[in-house]
There are 2 protein chains.
Amino acid sequence: MSRQAPTLEDVAREAGVSRATVSRVVNGVRNVDPAIQEQVRRAIERTGYAPNRAARSLVTRRAETVALVVSGAGDSSDGAQAAFAARVFADPFFGRVVAGIVGFLRPRSVHPVLMFAESAEARQEVLTYLRQGRADGALVVSTHADDPLPALLAEARLPAVLFARPSRPVRLSYVDLAHRDGGRLAAERLLDRGCREPVTISGPLAVAASQERLAGFRDTLARRGHRHVPVAEGGFTLDSGIGSMTDLLAQHPDLDGVFAANDLMAQGACQVLREHGRRVPDDVAVVGFDDSTAALDCRPRLTTVRQPVEDMAAEMARLLDDHIHGARTRPTSVVFAPELVVRESA
Amino acid sequence: MSRQAPTLEDVAREAGVSRATVSRVVNGVRNVDPAIQEQVRRAIERTGYAPNRAARSLVTRRAETVALVVSGAGDSSDGAQAAFAARVFADPFFGRVVAGIVGFLRPRSVHPVLMFAESAEARQEVLTYLRQGRADGALVVSTHADDPLPALLAEARLPAVLFARPSRPVRLSYVDLAHRDGGRLAAERLLDRGCREPVTISGPLAVAASQERLAGFRDTLARRGHRHVPVAEGGFTLDSGIGSMTDLLAQHPDLDGVFAANDLMAQGACQVLREHGRRVPDDVAVVGFDDSTAALDCRPRLTTVRQPVEDMAAEMARLLDDHIHGARTRPTSVVFAPELVVRESA
DNA sequence: GTGAAAGCGCTAACAT
DNA sequence: ATGTTAGCGCTTTCAC
């Protein structure tokens, strides 16, 4: 903040070469005499030079930054932003997304700007941010099915990649999980353990992933002779897991297997079961979904369907990178396979 | 991405005025004829103009961006970044910090870039980022007491504000909580309920906040006649709460009150107590700390010492803003008061 | 109140 | 292999 920061010019003078040469060594361009290279490097050291990014971005037309946007539903009022942010981060899922993204981005020196798009105004802000060239593209994680942001992004022809297939088709790349297969894995596990009265706590049915996990679960059970499977719709929160499990237990006291559409709800279910004197897994087997930290926090530790979130998030970043650098023109989708992780709860 | 983005020049031509005038209306500078103002506004609309931020930053020397850095301990290997990120986000505390920060920054159109500084290399990256002018300052949340980043930042004279007083004094502003008072509130609550055998699960004793919460708790108890209070050191995780409570229960079966240094550990403690047939709060009263989402997730809901994290985080952002704009020259500290929130657990 | 023009610090043609 | 130079798109004196 005190004295003016040194510029290329300063370094050039110090090293007795031209600005262009300094620029070349800074950017690692070949065709520079090793001796001069060293000379410049020392001048940089002495002056404490750090290239001004605004100047560079102005000519390269690259911000080396991507927007990491957590996108909400339709029209929550703008004051709800704080609550929205807090809620998002309360889910261990999001931490894994960040980890995966940063893992890919960091070695490439690109940085994520955190944005929340929970209102119409906030969405416009995301678009403006990109159009101003402050970020080269967007990585979007929607918390709701009918998120309008993807369509806006596609229409503005801004580079973007989504986590999960959008409910309405949009010309944007995305990564996703084969949720139906995940539901199948859960069903098979319960069946293989000999469950006779399986039930399920689904995610919000407005979310496609919830639908598919449920469908996979139901279809598999149906194929093995279970025509009617009790379902309670949850909201992916611990609280909703507790509520749903309580209801299910009241209506179907004989249940002996539970598939919860995420680990947080499974954790809630385990709590309720224990409080009602049911042992997990001996009396009731419980299978979760995600393999998040909640799966390990839970007692007993959760048998769960693993979603390779970090890998998926890294792939998002990779796809976006390709789009930004023109290596990929058409929207692409990459679908990952779930995997059953057997622990103690089933 | 297709055709070139419109520039000031384009808008100026479209509106039949000079670049300077357009710039003035874009930046809301007075001294522009209302009629021309409207004329320009329409031209902007028609062309779909969005000011190029790199160009603006180049002249204003402002990125309108701050680094939000989560800073770890000494020297975790660089590959640990993913685990570090996931762990950080698993704590509901961080979501509240983000909410508070974004709440302040958004109305000012400044955006947070997420950075992790868990290794020496990562810390250098943060410094470089700031020196390149990509961010105007840093908001630092350390997860460890001996975080070297604050000193590096201060030495480089880069604008930065910390969450919590650093263990070694550093010429940087920070916000903090009166942790000792928090410990006192917890002790008083337990005593007022008539607890005779209080115990505590502390945070990591390397963390100053843990020490102070413990000191406040102990001092208050001592003053009321409890000379010796059993302590188990936890790690602020649910798991460590479970472990500590189990130990405490084994060694002090008569305990009837627990103060856990955060809600996550309190939640773990409640689990263990219930499993051992102790009713909360009838047999054992439990007081948490933070008033995070964990306090509500817990059954029974946690009586806890509230830390106004969102307000503290917003204040961090405000302090940084002041430093960046030269409104504040000397390091300042703002200490917030904790507050007891009574629910069901005590 | 408005315009002309001088940079901000950098990269990338183009010359040499 | 190195230097010269023309911008990138914007803000901001300084004249008018």
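Every chain is numbered from 1 and lettered A, B, ... according to where its sequence line falls, protein lines coming before strand lines.
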Over how many whole Å does the gap from [X] atom [atom1] to [N] atom [atom2] extend?
X	N	atom1	atom2	answer
B:Arg62	C:dC8	CZ	C1'	14 Å
A:Arg13	C:dG9	CZ	C1'	13 Å
A:Gln39	D:dT2	CD	C1'	12 Å
B:Leu58	D:dT12	CG	C1'	13 Å
B:Gln4	D:dG7	CD	C1'	13 Å
B:Arg61	D:dT12	CZ	P	12 Å
A:Arg134	D:dC10	CZ	C1'	14 Å

Let me confirm one number: the [atom1]-[atom2] distance from [X] to [Y], rounded to the nearest 0.5 Å.
X	Y	atom1	atom2	answer
A:Ser109	B:Tyr129	OG	OH	10.5 Å
B:Leu8	B:Arg19	CG	CZ	7.0 Å
A:Gln39	A:Thr21	CD	OG1	10.0 Å

Can you tell me which nucleotide in D:dT2, D:dG9, C:dG3 comes closest to the side chain of A:Val32?
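So the nucleotide nearest the side chain must be D:dT2.
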
Under 3.5 Å, is there a donor-acceptor pair between the B:Thr47 and B:Asp10 side chains?
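No pair is found: no donor N or O on one side chain lies under 3.5 Å from an acceptor on the other.
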
Cation over ring, B:Arg108 on B:Phe104, under 6.0 Å and within 45°?
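Pair B:Arg108/B:Phe104 counts as cation-pi.
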
Which residues satisfy the salt bridge (Lys or Arg N to Asp or Glu O under 4.0 Å) test with B:Asp322, sequence neighbours excluded?
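Salt bridge (Lys or Arg N to Asp or Glu O under 4.0 Å) check on B:Asp322 returns B:Arg318, B:Arg328.
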
Provide a list of protein-nucleic acid N or O atom pairs under 3.5 angstrom, restricted to nucleotides 10-13 of chain C.
from	atom 1	to	atom 2	distance (Å)
C:dC10	OP1	A:Tyr49	OH	2.4
C:dC10	OP1	A:Asn52	N	3.1
C:dC10	OP2	A:Leu8	N	2.4
C:dC10	N4	A:Arg19	NH2	2.8
C:dT11	OP1	A:Asn27	OD1	3.4
C:dT11	OP1	A:Asn27	ND2	3.1
C:dT11	OP1	A:Arg56	NE	2.8
C:dT11	OP1	A:Arg56	NH2	3.3
C:dT11	OP2	A:Ser23	OG	2.7
C:dT11	O4	A:Arg19	NH2	3.2

Between the axis at one end of the helix from C:dG1-D:dC16 to C:dT16-D:dA1 and the axis at the other (five pairs apiece), what's the angle to 10 degrees?
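Between the first-five-pair axis and the last-five-pair axis there is 30°.
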
Think A:Thr21 has a side-chain N or O under 4.0 angstrom from the OP1 or OP2 of D:dG3?
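It does, given that an N or O in the side chain of A:Thr21 lies less than 4.0 Å from OP1 or OP2 of D:dG3.
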
Side-chain donor or acceptor of A:Arg62 paired with backbone N/O of A:Ile324 under 3.5 Å:
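Pair found, side chain donor or acceptor close to backbone of A:Ile324.
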
For B:Arg106 and A:Phe116, indicate whether the former's side chain and the latter's backbone hold a donor-acceptor pair under 3.5 Å.
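It does hold such a pair.
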
Pairwise side-chain contact, A:Asp321 with A:His325, heavy-atom cut-off 4.5 Å (strictly under)
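They are in contact (side-chain heavy atoms under 4.5 Å apart), so the answer is yes.
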
